[in-house]
Amino acid sequence: MKTYVFLSALLVALVVTVTAHPTKYHIENPELWMEKMANGSLPPFFSYHIHCLFVPHQNSSVKPAMEFRKQLVNHFQLDDTKHCGDGEHNPSVCLFDIDSEPGDPESPFLSGEWAVFLTLDKFQEYVTWTMQNRGDNVIFIHPNSGFQKMDHNQWALWQGGMWPLRPDALCDHC
């Protein structure tokens, strides 16, 4: 039965798309950075995102994800009414709108998800708490360097198993 539920959830996750939350950083001379990376230098991380993934319209997936979001909001005393801006850097931790409906072809996520923006100084505190309190939720954590493909594919952390992403929705440097 568990295998059937998992395969059903994975199939739905592969079919459903949602709006992404890219945090955009202007990269000065991206070609120079690409050359530097080819020679072993790496760009700095400016911030992080923590995403909690779920299967839309499947209560057994949505409910725990929303409960976990509520726990995070309460634990860190976040303002759930003040959400992050439109893809720009934020000066402090903030929540993005919940993405639970299909639609945006530019989203790398093939599932529903909610996300929190982290400043560099909050990474350890939030990631430690997330690791210890996520339950069975699938968590995806990635840096924001301005190189989305590497942020989401090479430098990301997964908790609870990896779910597929749509890499063609990410840009090399944006």
Side-chain angles (χ1 to χ4, degrees), residues 1-23 45-85 87 90 92-104 107-145 148-167 169-170:
M1 180 64 174
K2 286 184 178 181
T3 302
Y4 175 76
V5 171
F6 173 76
L7 291 175
S8 297
L10 184 59
L11 179 61
V12 171
L14 290 170
V15 174
V16 178
T17 60
V18 296
T19 305
H21 312 291
T23 299
F45 296 159
F46 300 109
S47 63
Y48 292 89
H49 290 170
I50 296 176
H51 297 266
C52 180
L53 284 62
F54 57 88
V55 180
H57 311 293
Q58 186 174 333
N59 195 43
S60 62
S61 181
V62 175
K63 185 177 178 184
M66 294 305 116
E67 287 174 359
F68 181 59
R69 184 178 190 275
K70 185 176 181 180
Q71 290 172 357
L72 183 135
V73 165
N74 291 336
H75 179 79
F76 291 106
Q77 299 177 348
L78 298 176
D79 183 352
D80 196 15
T81 62
K82 182 180 176 221
H83 290 197
C84 301
N90 293 282
S92 60
V93 173
C94 58
L95 294 162
F96 289 100
D97 291 330
I98 298 168
D99 291 334
S100 58
E101 295 298 323
D104 189 351
S107 171
F109 295 101
L110 299 169
S111 65
E113 55 91 26
W114 60 261
V116 60
F117 173 93
L118 298 181
T119 53
L120 295 176
D121 62 318
K122 296 295 185 181
F123 179 82
Q124 182 177 352
E125 179 183 12
Y126 275 73
V127 172
T128 299
W129 185 89
T130 299
M131 292 170 86
Q132 294 173 336
N133 293 279
R134 71 173 180 82
D136 290 332
N137 289 299
V138 173
I139 305 297
F140 176 64
I141 303 167
H142 67 83
N144 295 303
S145 70
Q148 289 183 358
K149 284 187 179 182
M150 286 184 270
D151 291 343
H152 289 76
N153 296 316
Q154 287 182 262
W155 300 327
L157 304 171
W158 286 92
Q159 299 171 9
M162 292 177 67
W163 284 19
L165 296 176
R166 186 177 34 216
L170 302 165

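Computed over heavy atoms, backbone and side chain alike; hydrogens, waters and symmetry mates excluded.
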* Is any side-chain heavy atom of Cys52 less than 4.5 Å from a side-chain heavy atom of Ile139? -> yes
* **Side-chain heavy-atom pair Phe76, Leu95 within 4.5 angstrom cut-off** => no
* **Validation row: His75, Asn133 side chains within 4.5 angstrom (heavy atoms)** => no
* Heavy-atom side-chain proximity of Phe96 to His83 below 4.5 angstrom -> no
* Just wondering, do Trp155 and Phe45 contact through their side chains at under 4.5 Å, heavy atoms? -> yes
* Does the His152 side chain pair with the main chain of Gln148, one donor and one acceptor, at a distance under 3.5 Å? -> yes
* To do: Show your working on side-chain contact (heavy atoms from CB on, under 4.5 Å) between Trp114 and Met66 and close with a plain yes or no.
  => CA-CA 8 Å; Trp114 60 261; Met66 294 305 116; 3.5 Å; yes
* Minimum heavy-atom distance Leu78-Val116, with the two atoms named -> CD1-CG2, 4.4 Å
* Asked: Which heavy atom in Ala169 sits nearest to a heavy atom in Pro108, and how many Å separate them?
  -> CB-N, 3.8 Å
* Asked: Below 6.0 angstrom between ring centroids: does that apply to Phe68 and Trp129?
  -> yes
* Using 30° and 60° as the class limits, which term best fits the ring planes of His142 and Phe140: parallel, tilted or perpendicular? -> tilted
* Inter-residue atom distance Leu72.CG - Glu67.CD, 0.5 Å rounding -> 14.0 Å
* Asked: Just wondering, do Gln159 and Val127 contact through their side chains at under 4.5 Å, heavy atoms?
  -> yes
* Asked: If we only count heavy atoms from C-beta on, is the Phe54 to Asn137 side-chain gap below 4.5 Å?
  -> no
* **Stepwise side-chain contact (heavy atoms from CB on, under 4.5 Å) check, His49 with Asp151** => CA-CA 10 Å; His49 290 170; Asp151 291 343; over 6 Å; no
* List the atom of Ser92, the atom of Phe117, and the distance in Å for their closest heavy-atom pair. => O-CD2, 3.6 Å
* To do: Identify the two heavy atoms, one from Thr119 and one from Asn90, that lie closest to each other, and give their separation to 0.1 Å.
  => CG2-O, 4.0 Å
* Do Ile141 and Tyr126 pass the side-chain contact (heavy atoms from CB on, under 4.5 Å) test, and can you show the C-alpha distance, the side-chain angles, and the key distance before you say yes or no? -> CA-CA 11 Å; Ile141 303 167; Tyr126 275 73; over 6 Å; no
* Work out which heavy atom in Arg166 is nearest to a heavy atom in Ser107; give both atom names and the distance. => NH2-O, 2.6 Å
